[in-house]
Structures are given as C-alpha cells and as structure tokens.
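Worksheet: the structure to be examined is printed underneath.
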Number of protein chains: 2
Amino acid sequence: MTGDSTFELDSTDWRVLAELQEDARLSYAELGRRVGLGATAATDRVRRLVEGGVIKGFRAEVDLERVGYGVLAVVRLRYPSGNYRKLHAELERTTEILQCHHVTGEDCFVLFVAARNMRDLERLVGRIASLGSTTTSVVYSSPLPSRVVTAPSG
Amino acid sequence: MTGDSTFELDSTDWRVLAELQEDARLSYAELGRRVGLGATAATDRVRRLVEGGVIKGFRAEVDLERVGYGVLAVVRLRYPSGNYRKLHAELERTTEILQCHHVTGEDCFVLFVAARNMRDLERLVGRIASLGSTTTSVVYSSPLPSRVVTAPSG
DNA sequence: GCTGAAATCGCAGGGGT
DNA sequence: ACCCCTGCGATTTCAGC
C-alpha cells in the first residue's frame with residue numbers, strides 16, 4: 001500500500017504512537033502492557049502502522065551539542081527561479097544542513113544548519129548564500145525542541 | 001556525568017549513531033554485526049552514549065499527513081519583552097505546536113505548527129498572534145525533512 | 001571486548017470471538 | 001477485523017574472564 005491517503009487510527013493506535021514516540025525501543029511485550037494488549041496484538045498494531053506509512057521510521061535522537069555542534073541556526077533562503085539542481089547538490093554534499101523545507105513567502109526555503117562554532121557557521125552560510133540571499137537566525141535555546149504528535153483535538 | 005561538555009566519540013561510536021539514527025529498533029546483536037562488535041560490546045556502547053547524553057532518546061517518526069495533519073507551517077513570532085509566561089502557557093496547551101526555538105533577530109521565536117487544514121491553521125496562528133506579530137510560511141514540501149547527524153568533517 | 005548460562009523476546013502458525 | 005496462545009530460534013542480560 002502506498003499513496004497519501006489518511007489512515008484510520010483508533011484510540012489504541014494513538015496510545016501506541018505516543019509510547020513509541022517516547023521510547024522507540026520498547027519491546028512488544030512491554031508496549032502491550034502499557035496500552036492494554038498482548039504482545040502479539042501490539043506487534044500487529046505496530047506492523048500495521050509501519051506498513052501503512054503512519055510510522056516512517058525509528059530514530060535515535062542525538063544531542064548536537066554533545067557531539068561537537070555547539071551552534072544551531074535557522075537559515076531562510078530566497079532562491080531565484082525554478083532551478084533546484086544547485087540547491088539539491090548543496091543539500092547533498094553539506095551534511096551540516098539538517099533540514100530543508102520549501103515554503104510559501106518571500107523566503108522560499110527554510111534550512112536548519114548545525115555548526116561547531118560561529119566561524120564554521122559563517123563558512124556554511126557563505127556557501128548557501130551563493131545560491132540566493134539569506135537571513136540567518138542563531139538558536140539561543142529550544143523551549144520546545146520537539147513534541148510527540150497526538151490526535152487532532154477539535 | 002551531566003552538564004553540557006562535549007563527549008569523546010571514536011569512529012565506532014559514530015557508526016553506532018549512524019545505524020541507530022536510521023533504525024532505532026535494531027537489536028544489539030544486529031547492530032554489533034554492522035559495526036564490527038559483539039552483542040555485549042554494542043550494548044555497552046549504546047548504554048554509554050545514552051548515559052552520556054549523546055543519545056537523547058529513541059523516537060518513532062510519524063507521518064503527519066497520514067494521521068490527519070495535512071498542513072505544516074513555520075511561524076515566526078516577534079515577541080515583546082521578557083515575559084515568557086504567556087508563550088510558555090501557549091506551548092503547553094497547544095499540542096499542534098511541534099517545535100519552538102528561541103532565536104536571534106527580529107523574529108524572536110520560530111515555531112513549527114501542524115494543522116488539519118488551512119482553516120485550523122488560521123485559528124492556531126490567530127491564537128499565537130495574540131502574543132506578538134507573526135509571519136507564517138506554509139510548507140509545500142521538505143526536500144530534506146531530516147538528516148542523520150554525522151561527524152564534523154573539517 | 002569476549003564467553004557462557006538463564007530469562008526474555010521476536011516471529012510465525014493456528015485458532016477464538 | 002481484532003485479539004490471544006504456543007513453540008522455537010534469536011536475543012538480552014548477567015555473571016566472570
């Protein structure tokens with residue numbers, strides 16, 4: 001199954017998602033215990049969610065500061081024309097670019113860039129600026145670095 | 001050990017991090033196989049990385065579109081004065097705000113907001129706009145939604 | 001970082017409601 | 001469609017080296 005339809009999730013599915021977003025390495029037995037299922041039923045749920053594309057993957061989250069990236073920045077890029085080849089190439093080779101989103105508005109792309117220090121950031125942003133005009137904001141801190149996705153309320 | 005010092009990582013640690021960023025549910029035995037260690041040694045590495053704060057957690061990544069959030073937006077918030085209480089309260093109660101970063105520049109905060117549709121986004125941004133002036137960009141697509149963190153090259 | 005033993009887990013099949 | 005039970009090979013975890 002592929003395509004981009006939306007997937008029907010019952011409340012148990014949401015509890016499974018909540019648990020796995022907080023600890024993706026939970027055993028199926030423990031997961032089942034937490035959401036009120038047996039190990040097999042929990043396994044089936046997770047398999048359905050993965051195959052249905054609801055769970056895109058299981059990722060270890062690494063602390064950028066601890067591994068030597070002391071600086072994180074949001075770079076907005078005003079990219080001229082529809083030639084995405086150069087941008088694509090830049091994304092490919094620059095592993096310090098952690099995210100890139102194509103967005104509406106004057107700044108066509110929003111990038112997250114990790115650097116060891118301001119000097120490296122200067123170099124990285126300089127390279128990006130060869131593609132178009134940039135606006136860079138350095139992250140002081142992240143009051144909400146990421147949140148678990150929950151069911152739409154309304 | 002706590003605090004925010006940087007952690008010494010050898011090349012095996014980096015390979016472990018790469019594998020776990022791509023599949024956090026890898027068994028220790030399989031992980032060891034891939035990086036050239038026994039199961040116990042692999043277990044020890046991971047435990048050291050977790051306790052050293054290098055790995056902040058293991059998270060299932062959920063597809064926003066599949067679970068009913070068809071719209072993702074980057075909202076920049078120009079927040080007056082040092083009163084973070086109201087912002088903090090807004091972050092607490094609004095589960096559709098997935099990320100919030102405090103940054104340099106005129107726009108003090110950068111938020112990622114998920115919404116079911118444009119109508120919900122309008123409502124959410126309206127609430128955020130009660131805190132300060134906002135600039136909203138809707139995400140068309142993400143050429144690089146997220147990348148695994150690798151060793152600084154230079 | 002390896003070895004070896006006991007407890008646990010993952011996975012596949014079969015069956016019940 | 002959803003869940004449980006069983007069996008077996010693989011894995012985890014603990015000890016000691």
Side-chain angles (χ1 to χ4, degrees), chain A residues 1-63 66-68 148-152, chain B residues 1-2 5-63 65-69 148 150-151:
Chain A
M1 118 77 136
T2 179
D4 55 10
S5 51
T6 107
F7 194 99
E8 266 304 305
L9 297 162
D10 64 19
S11 68
T12 307
D13 288 323
W14 279 111
R15 292 174 69 190
V16 168
L17 287 179
E19 293 293 341
L20 290 180
Q21 284 180 95
E22 298 206 326
D23 183 2
R25 284 186 73 81
L26 241 38
S27 75
Y28 293 118
E30 177 60 24
L31 173 62
R33 232 165 271 138
R34 297 193 185 187
V35 304
L37 292 175
T40 357
T43 309
D44 288 345
R45 292 272 182 167
V46 175
R47 206 160 42 75
R48 267 187 48 245
L49 292 170
V50 170
E51 290 176 355
V54 174
I55 295 177
K56 286 193 287 187
F58 300 96
R59 317 234 172 273
E61 186 184 354
V62 340
D63 186 313
R66 290 287 163 91
V67 301
V148 304
V149 178
T150 55
Chain B
M1 114 80 139
T2 180
S5 51
T6 105
F7 194 97
E8 266 304 305
L9 298 161
D10 63 21
S11 68
T12 306
D13 288 323
W14 279 110
R15 292 174 69 191
V16 168
L17 287 180
E19 293 293 342
L20 290 180
Q21 284 181 94
E22 298 204 327
D23 183 2
R25 282 185 75 80
L26 239 39
S27 74
Y28 293 119
E30 177 61 23
L31 174 62
R33 238 167 265 137
R34 298 192 185 185
V35 305
L37 291 176
T40 2
T43 310
D44 287 345
R45 291 271 182 169
V46 175
R47 208 158 38 76
R48 270 188 44 247
L49 292 169
V50 170
E51 289 175 357
V54 173
I55 295 177
K56 285 193 288 187
F58 301 96
R59 320 236 169 273
E61 187 184 354
V62 340
D63 186 313
E65 205 157 340
R66 290 286 164 90
V67 301
Y69 291 106
V148 305
T150 54

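Quantities reported herein were computed from a predicted structural model and do not represent experimental measurements. In what follows, every chain begins at residue 1, and chains take the letters A, B, ... in the order their sequences are listed.
Without hydrogens or angle criteria, A/Gln21 side chain to A/Val149 main chain gives a donor-acceptor distance under 3.5 Å. Under a 3.5 Å cut-off, the side chain of B/Arg47 and the backbone N or O of B/Ala42 do not form any donor-acceptor pair. A side-chain donor-acceptor contact under 3.5 Å links B/Arg59 to the backbone of A/Glu22. Although no hydrogens or angles enter the test, the distance criterion places no donor-acceptor pair under 3.5 Å between the side chain of A/Arg34 and the main chain of A/Glu19. A distance-only check finds no donor-acceptor pair linking the side chain of B/Arg48 to the backbone of B/Asp13 [under 3.5 Å].
Of all the heavy atoms in A/Val35 and A/Arg15, the pair that sits closest is O-NH1, 3.6 Å. Nearest approach of A/Ala60 to B/Ala24, heavy atoms of both residues: N-CB, 3.7 Å. When all heavy atoms of B/Gly53 and A/Arg66 are compared, the closest pair comes out as CA-NH1, 3.3 Å.
Nucleotides of DNA chain D that come within less than 4.0 Å of any heavy atom of chain A span, from the 5' end to the 3' end, D/dC2 to D/dC5.
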| message | Protein within reach of the bases, or only the backbone? For nucleotides 11-17 of chain C, mark each nucleotide 5' to 3' as B, S or -, using heavy atoms under 4.0 Å. | response | SBB----
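Place A/Ala29 and B/Ala39 on DNA chain C by their nearest nucleotides, and B/Ala39 ends up nearer the 5' end.
With rounding to whole Å, A/Leu31 atom CG is found 12 Å from C/dC9 atom P. The separation between A/Arg33 atom CZ and C/dC9 atom C1' is 10 Å, rounded to whole Å.
Among the atoms of the strands shown, none is found under 4.0 Å from any heavy atom of A/Arg25.
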